[in-house]
2 protein chains.
Amino acid sequence: MPLIEPVPDVRSLDLLHSVAELGSIRQAALRHTMSQPAASMRLRSLERALDLQLLDRSHGRAQLTSAGVAVVQWSEEVLEGMRSLLLGAQAVRSDGKTHLRVVASMTVAEYLVPGWLNRLRASDPAIIVSLQMGNTQHVIEVMLRGDAEIGFVEGRHAPSELGSRTVQSDNLVVVVAPSHRWARRRKPVSALELSTTPLVVREAGSGTREVLEGAMSSRGLTLTTSVELGSTTAIKAAVASGAGPGVVSRLAIETDVQDGRLVVVATEGLLLERSIRMVWSKKRPLSSTAKRLVRQIDDSSSSRRPVQP
Amino acid sequence: MPLIEPVPDVRSLDLLHSVAELGSIRQAALRHTMSQPAASMRLRSLERALDLQLLDRSHGRAQLTSAGVAVVQWSEEVLEGMRSLLLGAQAVRSDGKTHLRVVASMTVAEYLVPGWLNRLRASDPAIIVSLQMGNTQHVIEVMLRGDAEIGFVEGRHAPSELGSRTVQSDNLVVVVAPSHRWARRRKPVSALELSTTPLVVREAGSGTREVLEGAMSSRGLTLTTSVELGSTTAIKAAVASGAGPGVVSRLAIETDVQDGRLVVVATEGLLLERSIRMVWSKKRPLSSTAKRLVRQIDDSSSSRRPVQP
DNA sequence: TAGTGGCATAAGGAAACCTTATAGCTATGT
DNA sequence: ACATAGCTATAAGGTTTCCTTATGCCACTA
């Protein structure tokens, strides 16, 4: 889903911001070290792109219209984001001794690792972490190749060349759109009912899918699929737009449930648990930075407590 | 303070984002309806602008480097901001009846409104909503000027020209970094202890701050501040990196607590509640779209259910 | 009424960008 | 080893965008 054209130029937004602050196109042009006509033209083309009158030029100096004020506000988020991107790029460039390479499978990388890394960065902003993501197989390959110090996978695959340890548990849940009839249902969905309902799931070979099929086959049941998608995000989008029940990691849908996009349906008779394992190379000892990360993770899972104390 | 040149083009960031998702420059080019060489050149010039190697092209298909992953992450904020800007501009442009202008104070706008609007859009994709944010004062001004149909503020300010009604309640909580000693504490923090501890809080005049000071003064206590910051996000970042206890809205920290960046500390003896109020102009009746939003909100606060069914 | 600061338009040249055509490279399968 | 398929880079040519300088008009102010 690319942005809708025409996309305004960020520097034009920046310029508009200066106009709002300084009250004149001329001053803004000076601040941005460009000629006044250039600034004037930029702003005009911005107005053309947004199809909005942003400035009122009929009173000598340029005055923001109400639409202009609104756009300035919205552009603040964009500018803030751009600033941190530029700053971040600079940091990566001037880089790093305390460099930690992490590779994780999708769900962990998307929903768990960011929290860990934020804490790690908070404890020492000089630490630079690069995160690579892929499926379980990919994680193993990267680790064996020595292209990352530490990895995370879902499920219980434990190749012999690599050490591994469980760091957290996760479980799968059934979700539906708020408009789906199951959203208002009180009784849990039985294993049998679930196995005969077409579900939106990940493609065969993914960790999520394996757990689901394993749980069903242990009860002598088989999975019925409605759509098979390649990412958790795709599943969430499909389910939210009415594609029927889907199965995803609980970790992946917390905010969607809070925002009312998805509703969790209780199930019974199926063990949809799986562990999240850390893997490392037995050949090389963990780097000190990697050790810190491990300590952070252990701390956070033991000291975690509910929001309601 | 203009942006530091060179500023990368947002469409290039968008393109990079697609490359990350689709795994190939060619596919990304297709999605963005441009030729493959054009995409290739855009990405190359993005790399030149940032002075970073973002893609590894040595294996047939393009693979993100660690720097590439980092840039994609940062660019997400930029793209998100640009998307809401474009959406907002579209809303301001179209004067039709499917157009709803909402203005909300920071906490509500960031943590509550997105969920409501998503549900509203789901119920009727034709509805176009523009969201503006600011402090309580700003919300009132916009409403009085008639630049929005409906507004949301924290606290109980009720100017006479505007109607208002409580739609939800919120409360403030004390949070600390997981490394802080209070994180492991069992006993609730007393009002007295809290009032004598330097806290990280919002600046004077903010709704959050007013509630906190009000609650303390009703017990004959006064607030001791350690740092005063201008946004909830800033407070969270400061607290997470060890600046001592902070006070923020519960709404704002749910995911941070889940991710282990912050820990909630129980308190006793202070009533840190506040209501979130909807405000509208008494002069004009609510538009039909606004009424739908109100109904959505009422529904969602009554039918909301916990993640664990 | 003159002056000052500010914005718009015009013209010319430089730079950026896109498209089509083409060639080289990598992985996969026979 | 060979061939095919899919992907990316380079080249050439044309269009569009953007900037700068020069100049005129307009609105406030003294």
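- The nearest whole Å value for the distance from the CD atom in A:Gln63 to the P atom in D:dA27 is 16 Å.
- Defining each end axis of the helix from C:dT1-D:dA30 to C:dT30-D:dA1 as the rotation carrying four pairs' C1' atoms onto the next four, with five pairs an end, the two axes are found to diverge by 30° to 10 degrees.
- Following rounding to the nearest Å, A:Arg26 (CZ) and D:dC26 (P) show an atom-to-atom distance of 19 Å.
- A:Arg61 comes within 4.0 angstrom of sugar-phosphate atoms only, judged by non-hydrogen atoms across all strands, and of no base.
- In summary, the side chains of A:Glu154 and A:Ser105 do present a donor paired with an acceptor at a separation below 3.5 Å, with no hydrogens or angles considered.
- Counting any heavy atom pair closer than 4.0 Å across all strands shown, B:Gln27 reaches sugar-phosphate atoms only and no base atom.
- Atom-to-atom, CE of A:Met41 to C1' of D:dT17 comes out at 8 Å; the value is rounded to the nearest Å.
- The backbone N or O of B:Pro37 sits nowhere less than 3.5 Å from a side-chain atom of B:Ser40 that would complete a donor-acceptor pair.
- One can place CD of A:Gln36 at 12 Å from C1' of D:dA22, the figure rounded to the nearest angstrom.
- Across the interface with DNA chain C, nearest-nucleotide mapping of B:Ala38 and B:Ser58 shows B:Ala38 to be the residue nearer the 5′ end.
- Salt-bridge formation is not detected for the pair A:Arg250/A:Asp170: no Lys NZ or Arg NE/NH1/NH2 atom is positioned less than 4.0 Å from an Asp or Glu carboxylate oxygen.
- Rounded to a whole Å, the CD atom of B:Glu47 is 13 Å from the P atom of D:dT8.
- For the pairing with B:Ser12, the side-chain contact (heavy atoms from CB on, under 4.5 Å) check across B:Leu50, B:Leu43, B:Leu46 returns one residue only, B:Leu46.
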(Q) With side chain to side chain donor-acceptor pair (under 3.5 Å) as the criterion, how do B:Ser18 and B:His32 come out once you've worked through the C-alpha distance, each side chain's angles and the decisive distance to 0.1 Å? (A) CA-CA 9 Å; B:Ser18 293; B:His32 290 249; 2.7 Å; yes

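- Using a 4.0 Å cut-off, no side-chain N or O of A:Arg57 falls inside it from OP1 or OP2 of D:dA27.
- Comparing A:His59 and A:Ser45 against DNA chain D, the residue whose closest nucleotide sits nearer the 5' end is A:Ser45.
- Residue A:Asp56 contributes atom CG, which lies 12 Å from atom C1' of D:dA27 at whole-angstrom precision.
- Of the charged side-chain nitrogens involved, none lies within less than 4.0 Å of a carboxylate oxygen, so that A:Arg274 and A:Glu210 do not count as a salt-bridged pair.
- At least one donor-acceptor pair closer than 3.5 Å links the side chain of B:Glu47 to the backbone N or O of B:Leu54.
- Picking from D:dA9, D:dC19, D:dA22 the nucleotide with the shortest atom distance to the side chain of B:Ile25 gives D:dA9.
- Centroid-to-centroid, the aromatic rings of A:Phe152 and A:Trp116 come within less than 6.0 Å.
- Counting 5' to 3', DNA chain C first comes under 4.0 angstrom of a heavy atom of chain A and last does so at the ends given by C:dG5 to C:dT9.
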Q. Stepwise, does the side chain to side chain donor-acceptor pair (under 3.5 Å) test hold for B:Ser24 with B:Arg61?
A. CA-CA 6 Å; B:Ser24 115; B:Arg61 36 190 75 241; 5.0 Å; no

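- For the pair A:Asp9 CG and D:dC19 C1', the interatomic distance rounds to 14 Å; values are reported in whole Å.
- Within 4.0 Å (heavy atoms only), B:Ser35 reaches at least one base atom of the nucleic acid.
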